[in-house]
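Treat the numbers as computed from the prediction; the structure is a model and nothing was measured. Just so we're on the same page: letters track the sequence lines, and every chain starts at 1.
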Amino acid sequence: MDNGATMHLAVSLFPGIADPSPGLEFSRLASFVQKAEAAGLDMVLLADSAPASGGGAANSPMPFEATTLLAALATVTSRIGLVAAASTIAHQPYNLARRFASLDIISHGRSGWNATMTQAPREAANFSRPEGFSPDDFRRRSEEHIGIVQGLWQGWDADALLFDQSGGRFHDPEKMHLLEHKGEFFSVRGPLNVARSPQDRPVLVLSGLSEADLDIAARAADVILLDDGPRDSAKARYDDIRRRVTACGRDPDAVKVLTNIAPTADSKPAAVAERLEKEFRASGCDGFTIQMPAQLSALDDFVGLVLPELRRRGLVRESYRGTTLRSHFGLAGGGDQ
Amino acid sequence: MTARQMKLGAFLWATGHHIAAWRHPKVHVTAGIDIDHYIQLARTAEAAKFDMIFCEDAAGLREANIGIASQTSRSIGFEPISLLSALAVQTSRIGLVSTASTSYNEPYGLARTFLSLDHLSGGRAGWNLVTSASPIEAANFGSTGLKPHADRYERAREFAEVVTGLWHGKASGHDGQSFSVRDPLDLPRSPQGAPVMVQAGASDVGRDLAARTADVVFTAAQTFEEAKAFYDDLKGRLAAYGREPDDIKIMPGVAPVVAETEAEAQEKYEELQELIPDDVGVALLSSYISISDLWRHPIDGPLPDLPESEGMKSRQALVIEQSRRDGLSIRQLARHFAGARGHWRIVGTAAQVADELQARFEGGAADGFNVMPSYFPGELDAFAMLVVPELQRRGLFRTEYEGRTLRDHLGLKRPV
């Protein structure tokens, strides 16, 4: 048993120096994620490089789009959560909900969607929206988009599929629900044509939040990613988010707040562990997203040196307690927690 | 130079292509939620040296009547791009083709997603372009309903042009009627030059689009004459676009029911037909010919006269033609149609199935076939174990993959 709260740990991959061969690149990424899984980390966040700049050699992107990469990684791992970034501009809500619902079944309940509340102008320019959206329109549209996706994820009750071959009843029509959404930006009838998620619904990870997005996050998010800041303001920010979550009628523990950190190569492991413990114990967050290039050496340093130190301090669980991403985070609906 | 050989697709769909497949005692009834089942199917198809796996797609339910929908297995399943991405790293040679709509996607995102699948698979991806004819899908993407056929194809033409431009790394910057795209793709060039383009539209405007852009055409044809007429027509359109007849592979769908003996095959077919409830058969027929009140007409009477549809024009004509030709009642047509959705059915032994395929292949009516097993995994296994070796014995099908990419398998030129 852990004493007190568990520090949650994620790894965020940003495009490193890409291997010239995509085949090798996938096996390298697979090894990376398998190592993160062997270390018992909660999840790997897969960035999507669509909005990145035109692909100069110094910043060559991974050769994969994030949701397709997630599907492939799901087949070579069994416990670690896999979260892909996907933009609300690039995807219609029905298509996005469907992709992630399918990924969640492929991964047996280990998938999540990372939506960002920050608009990437380059993306709009490639998706027939050369004018982009005003910040306020983008916010309202994102909120509506996310609400549709989460609604579609709940279109089928967990016990809707009957598989009653002799009775000729494949599913119970009473347990399939239309969405009938008609909003400012979208109109979506539903239901999704993918079965209910093994973890109730995929995990929603929100990032790129400004002050004005916090209430949206409090209503919808399962996990919130925040940038690192001064420790005393981190505590105030964390308390503020929990207050907002409570105000939405949700249990404050239903939303996990992770702080992004990017350890530099020359940071001493003990110093990194010390810093994480201080921020965690000061209740500035529920855990951390370690940002690193997709290189085994970077991960080796973290799982080989920092992680044992955190475990020695009793901050991080020794191994997975469940099989779904929700269960790793202790979120409702995760099944075998 | 070896003799010309046929191309084969393994068309994977839900529990099987027969509408009542899911009720069959030997079916894998939980196919739609079991990724391991699909990995196994992909490996079976790869071991049999199929050119490709083919997935069709709709962004919505297949059937508007919820009571009818609940009696079929087609309301839930994997989204095909995520499915094929998973299969890409669990196979090494077989092509991976998914359907995706030009009506409900944007070309930049679609081009990027398929190129990613192409990289994950080492050059084995293909895109089957559809314009989506279902009002059920349309209702998931806005409140204005299904767009007219001509508008959908105009959008599709521009869509295909942008996608191929992005794949071929042409100078970026597109500002057209439906789409604007500023940047090139941020992924490396495809290992096979560009993913393979597949199309299925058989209307006049659909054929022109195929002649302009497709590498493979999937089609439905019941008789040799229909198949031959389509084949000659489409190949004849290529010259206008500066293309050679061999630049397009025409692969009609075929729904075989095969067994060791003809009697067993017939029994297997009857067993499936018996499992179709009349209301399900009629509803399925209605949706394909775009008439909502077919159930009002006497089930043992003929098809009523139909107005020309905005949906799938070519499919409607095919069904009407068959009902007149064979003098079928609505019930008979529904049962017949439910089995293979207007595609060509062959019931028999491996030798009989091979004879029929060979006749169309050598008679200049097909370059290969998209095989639509009645139920999974049994009928894919049966085709792989019985028909494929027979075709190989006759020198009509490969015994080993010629190359690594889907273009290699299909014998397609690599775009420059």
Engineer: Can you check whether A:Phe26 reaches B:Leu120 side chain to side chain, under 4.5 Å on heavy atoms?
Structural biologist: yes

Engineer: Checking A:Leu161 against chain B: side chain, backbone, both or neither under 4.5 Å from a heavy atom?
Structural biologist: side chain

Engineer: Which bit of A:Ser87 is near chain B, if near means a heavy-atom gap under 4.5 Å: side chain, backbone, both or neither?
Structural biologist: neither

Engineer: As an exercise: rank B:Gly122, B:Ala88, B:Gly109, B:Gly77 by heavy-atom pairs under 4.5 Å with chain A and give me the winner.
Structural biologist: B:Gly77

Engineer: Below 4.5 Å from any heavy atom of chain A, which atoms of B:Val89 appear? Answer side chain, backbone, both or neither.
Structural biologist: side chain

Engineer: Please check if the side chain of B:Ser116 supplies one atom and the backbone of A:Glu65 the other of a donor-acceptor pair under 3.5 Å.
Structural biologist: yes

Engineer: Nearest 0.5 Å, what's the CZ-OG distance between A:Arg98 and B:Ser82?
Structural biologist: 8.0 Å

Engineer: If we only count heavy atoms from C-beta on, is the A:Gln165 to B:Leu275 side-chain gap below 4.5 Å?
Structural biologist: no

Engineer: For chain A, which of B:Phe78, B:Phe179, B:Trp22 has the most heavy-atom pairs under 4.5 Å?
Structural biologist: B:Trp22

Engineer: Heavy-atom distance under 4.5 Å to chain A: side chain of B:His24, backbone, both or neither?
Structural biologist: backbone

Engineer: Do the side chains of B:Ser73 and A:Phe163 get nearer than 4.5 Å, heavy atoms only?
Structural biologist: no

Engineer: So what's closer than 4.5 Å to chain A heavy atoms on B:Thr30: side chain, backbone, both or neither?
Structural biologist: both

Engineer: When you look at CD of A:Glu184, are more than 12 heavy atoms from neighbouring residues, nucleotides or ligands closer to it than 6.0 Å?
Structural biologist: yes

Engineer: Would you compute the distance between atom CG of B:Asn140 and atom CG of A:Leu179 and round it to the nearest 0.5 angstrom?
Structural biologist: 9.0 Å

Engineer: Can you establish whether the number of heavy atoms outside B:Gln177 located under 6.0 Å from its atom CD is more than 12?
Structural biologist: no

Engineer: Given a strict heavy-atom distance threshold of 4.5 Å, which part of A:Ala125 is in contact with chain B: side chain, backbone, both, or neither?
Structural biologist: both

Engineer: Do B:Ser85 and A:Thr68 have a side chain donor and acceptor closer than 3.5 Å?
Structural biologist: no

Engineer: Under 4.0 Å between a side-chain nitrogen and a carboxylate oxygen: does that hold for A:Arg122 and B:Asp186?
Structural biologist: no

Engineer: Within the 4.5 Å heavy-atom criterion, are B:Glu106 and A:Ser128 side-chain neighbours or not?
Structural biologist: yes

Engineer: In terms of heavy-atom proximity below 4.5 Å to chain A, should B:Ser143 be classed as side chain, backbone, both, or neither?
Structural biologist: both

Engineer: Measuring only between side-chain heavy atoms, which start at C-beta, is A:Leu69 closer than 4.5 Å to B:His119?
Structural biologist: no

Engineer: Measure the shortest side-chain to side-chain distance between A:His108 and B:Ile35 over non-hydrogen atoms and say whether it is less than 4.5 angstrom.
Structural biologist: yes

Engineer: Under a 4.5 Å cutoff for heavy-atom pairs, which residue among B:Ala69, B:Ala58, B:Gly32 has the most contacts with chain A?
Structural biologist: B:Ala58

Engineer: Identify which part of A:Ala74 has an atom lying under 4.5 Å from any heavy atom of chain B, answering side chain, backbone, both or neither.
Structural biologist: neither

Engineer: Any donor-acceptor pair under 3.5 Å linking the side-chain atoms of A:Thr75 with those of B:Gln90?
Structural biologist: yes

Engineer: Between A:Asn193 and B:Ile76, is there a side-chain heavy-atom distance shorter than 4.5 Å?
Structural biologist: no

Engineer: I'd like to check B:Tyr104 versus A:Gln92 (side-chain heavy atoms, cut-off strictly below 4.5 Å). Are they in contact?
Structural biologist: no

Engineer: Quick one: CZ on A:Arg169 to OG1 on B:Thr72, what's the gap to the nearest 0.5 Å?
Structural biologist: 14.0 Å

Engineer: Looking at B:Arg189, I'd like to know if its CZ atom is crowded, meaning that more than 12 non-hydrogen atoms belonging to other residues, nucleotides or ligands lie closer than 6.0 Å.
Structural biologist: yes

Engineer: Once you round to the nearest 0.5 Å, how far does CG of A:Leu192 lie from OG of B:Ser75?
Structural biologist: 11.5 Å

